[in-house]
Amino acid sequence: MPKSILVLTGAGISAESGIPTFRGSDGLWEGHRIEDVATPEAFSRNPVLVHQFYNQRRRKLLDPSIQPNAAHVALAKLEAAHQGDFLLVTQNIDDLHQRAGSRKVLAMHGQLLKARCRDTGKLFDWREDLSLETPHPLATTRLGRLRPHVVWFGEIPIGLELIQEAAQSADIFLAIGTSAVVYPAAGIVEATPASCLKIEINLAATPTSSVFDRSIRGSASIEVPKIVEEILSMP
């Protein structure tokens, strides 16, 4: 059994659970430009629109029809059975990995079911809509000081140092449902040692496919359980 396992997941794994990728082929997110709903400047300029956009996403995530799929469950099984170091880094802002039972999850782009105080950075579990009228949990007279706990374009992803350390010591690196072409995610595979077994699982080839030792074409819900069983059978 390998000593250290690092996993990176992207939108592809959640799409199989019914969560839209939001970014269409035209580059728009549900009809909105990224610059209008997913940047700090957008929130300063039009917080009502930004709140509405993420409120819709939060409601979708909380719909009873949205559940972890076989890939989420298999990764939780891998973590539970593995005796060494394990880290699951996700680019997704949903909670499907946690719901499936994963515990060592680093959500590098934040979490939709958390709100963040704009003044102190304190996090709060959050399942309701947010608006400029939302009272602060610790000071109900303060309104509009909460924002989605989401890393917007132009902001620094969470846990970069920890991710770098995990990559540098990884014996196995799995990239699932992600093209990983945008930094810093693109740098993770590059940071792994030459001895690391690098496996990509994606529906289509990506610009980084040639860097991997194995590049598997197929849906995450079908292919990830197979790879997990293969890893668990390693001596």
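The basis for the numbers below is simple: all heavy atoms, side chains too, and nothing from hydrogens, waters or symmetry mates.
Formation of a donor-acceptor pair under 3.5 Å by the Ser221 side chain with backbone atoms of Ala71 is not found in this model. A distance-only check finds a donor-acceptor pair linking the side chain of Asp171 to the backbone of Ser4 [under 3.5 Å]. Without hydrogens or angle criteria, His109 side chain to Ile158 main chain gives no donor-acceptor distance under 3.5 Å. In this structure a side-chain-to-backbone donor-acceptor pair under 3.5 Å is missing from His97 to Ala100. A side-chain donor-acceptor contact under 3.5 Å links Asp213 to the backbone of Lys198. Using modelled atom types, one side-chain atom of Glu16 and one backbone atom of Ala220 make a donor-acceptor pair closer than 3.5 Å. Remark: side-chain polar atoms of Lys104 are not paired, donor with acceptor, to backbone N or O of Ser102 under 3.5 angstrom.
Here the closest non-hydrogen pair linking Tyr54 and Val37 is CE1-O, 3.3 Å. For the pair Glu79 and Arg103, the tightest heavy-atom approach, listed with the atom from each and the gap, is OE1-N, 3.0 Å. For Ala107 against Gln111, the heavy-atom pair with the smallest separation is CB-CG, 3.8 Å. When all heavy atoms of Ile13 and His72 are compared, the closest pair comes out as O-CE1, 3.6 Å.
The aromatic rings of Trp152 and Phe43 sit tilted relative to each other, their planes meeting at an angle between 30° and 60°.
Remark: Leu6 CG to Ser169 OG distance equals 8.0 Å, nearest 0.5 Å. Rounding to the nearest 0.5 angstrom, the gap separating the CG atom in Leu75 from the OG1 atom in Thr9 is 7.5 Å. Rounded to the nearest 0.5 angstrom, Lys122 NZ and His136 NE2 are separated by 8.5 Å.
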- [ ] Might you work through the side chain to side chain donor-acceptor pair (under 3.5 Å) test for Glu200 and Thr206, ending with a clear yes or no?
- [x] CA-CA 9 Å; Glu200 175 191 57; Thr206 72; 2.6 Å; yes
TODO: Under the ring pair (Phe, Tyr, Trp, His ring centres under 6.0 Å) rule, what do Phe124 and His149 come out as? Steps first, then yes or no, please.
DONE: CA-CA 9 Å; Phe124 303 93; His149 179 49; over 10 Å; no
Open item on the list: Run Leu78 and Ile5 through side-chain contact (heavy atoms from CB on, under 4.5 Å) and show every step you take.
Closed with: CA-CA 9 Å; Leu78 177 61; Ile5 298 175; 4.1 Å; yes
Task: CA sep, side-chain torsions, deciding dist, call: Arg58, Leu61, side-chain contact (heavy atoms from CB on, under 4.5 Å) - done: CA-CA 5 Å; Arg58 193 179 299 106; Leu61 176 57; 5.7 Å; no
- [ ] Apply side-chain contact (heavy atoms from CB on, under 4.5 Å) to Met108 and Gln91, showing your working.
- [x] CA-CA 6 Å; Met108 67 185 300; Gln91 297 171 283; 3.9 Å; yes
TODO: Dump the intermediate steps for side-chain contact (heavy atoms from CB on, under 4.5 Å) on Ile231 and Ile172, then the final yes or no.
DONE: CA-CA 9 Å; Ile231 293 172; Ile172 291 182; 4.0 Å; yes
TODO: Test side chain to side chain donor-acceptor pair (under 3.5 Å) on Arg217 and Ser209 and set out the steps.
DONE: CA-CA 10 Å; Arg217 299 287 152 261; Ser209 292; 3.2 Å; yes
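Ile222 and Val73 fall into different hydrophobic clusters, defined by Ile, Leu, Val, Met, Phe, Trp and Tyr side-chain heavy atoms under 4.5 Å apart, directly or through other members. A continuous path of hydrophobic side-chain contacts links Leu87 to Leu160 [ILVMFWY only; heavy atoms under 4.5 Å]. Linking Ile, Leu, Val, Met, Phe, Trp and Tyr whenever their side-chain heavy atoms come within less than 4.5 Å leaves Ile199 and Leu203 in two separate clusters. The hydrophobic cluster containing Val150 does not contain Leu146, counting ILVMFWY residues as joined when their side-chain heavy atoms lie under 4.5 angstrom apart, directly or transitively. Put simply, Val50 and Leu130 are part of two different groups of oily side chains (I, L, V, M, F, W, Y) that touch within less than 4.5 Å, one to the next.
A search for ring pair (Phe, Tyr, Trp, His ring centres under 6.0 Å) contacts involving Phe86 returns nothing, not counting sequence neighbours. Applying the side chain to side chain contact (heavy atoms under 4.5 Å, CB included) rule to Asp63 yields the partners Ser65, Ile66; only residues at least two apart in sequence or on another chain are considered.
A salt bridge does not link Asp94 with Arg57: none of the charged nitrogens is closer than 4.0 Å to a carboxylate oxygen. Taking the charged nitrogens against the carboxylate oxygens, Asp119 and Arg145 do have a contact shorter than 4.0 Å, which makes a salt bridge. A salt bridge does not link Glu35 with Arg45: every distance from a Lys NZ or Arg NE/NH1/NH2 to an Asp or Glu carboxylate oxygen is 4.0 Å or more. Taking the charged nitrogens against the carboxylate oxygens, Lys114 and Asp125 do have a contact shorter than 4.0 Å, which makes a salt bridge. With respect to Glu230 and Arg214, a salt bridge is recorded, a charged nitrogen being found less than 4.0 Å from a carboxylate O.
Annotation: side chain of Gln67 is not in contact with side chain of Ser17 (no heavy-atom distance under 4.5 Å). Contact annotation: the side chain of Leu113 approaches that of Leu62 to within less than 4.5 Å [non-hydrogen atoms, C-beta and beyond]. Side-chain contact between Leu49 and Gln52: present, with at least one pair of heavy atoms (C-beta onward) separated by less than 4.5 Å. In this structure, Leu106 and Thr90 have side chains that are not in contact, with every pair of non-hydrogen atoms separated by 4.5 Å or more. Residues Ile188 and Ile163 meet the side-chain proximity criterion, which asks for heavy atoms closer than 4.5 Å. Using a 4.5 Å cut-off on side-chain heavy atoms (C-beta onward), Thr208 and Ser179 make no contact. With a 4.5 Å cut-off on side-chain heavy atoms, Thr178 and Asn202 do not count as touching. Ile201 places a side-chain heavy atom less than 4.5 Å from the side chain of Glu223.
Stacking of Arg116 on the aromatic ring of Trp126 is not recorded, the 6.0 Å distance cut-off and the 45° axial limit not both being met.
Of the options His51, Gln56, Arg59, a side-chain hydrogen bond (donor to acceptor under 3.5 Å, both in side chains) to Asp129 is made by Arg59 and by none of the others.
Crowding of Glu128 atom CD: a count of heavy atoms from other residues, nucleotides or ligands under 6.0 Å not exceeding 12. Residue-environment remark: CZ (Arg127) stays at or below the threshold of 12 foreign heavy atoms within 6.0 Å.
In this structure, a donor-acceptor pair under 3.5 Å is absent between the side chains of Arg142 and Thr134. For the 3.5 Å distance criterion, the side chains of Ser14 and Asn92 qualify, holding a donor opposite an acceptor.
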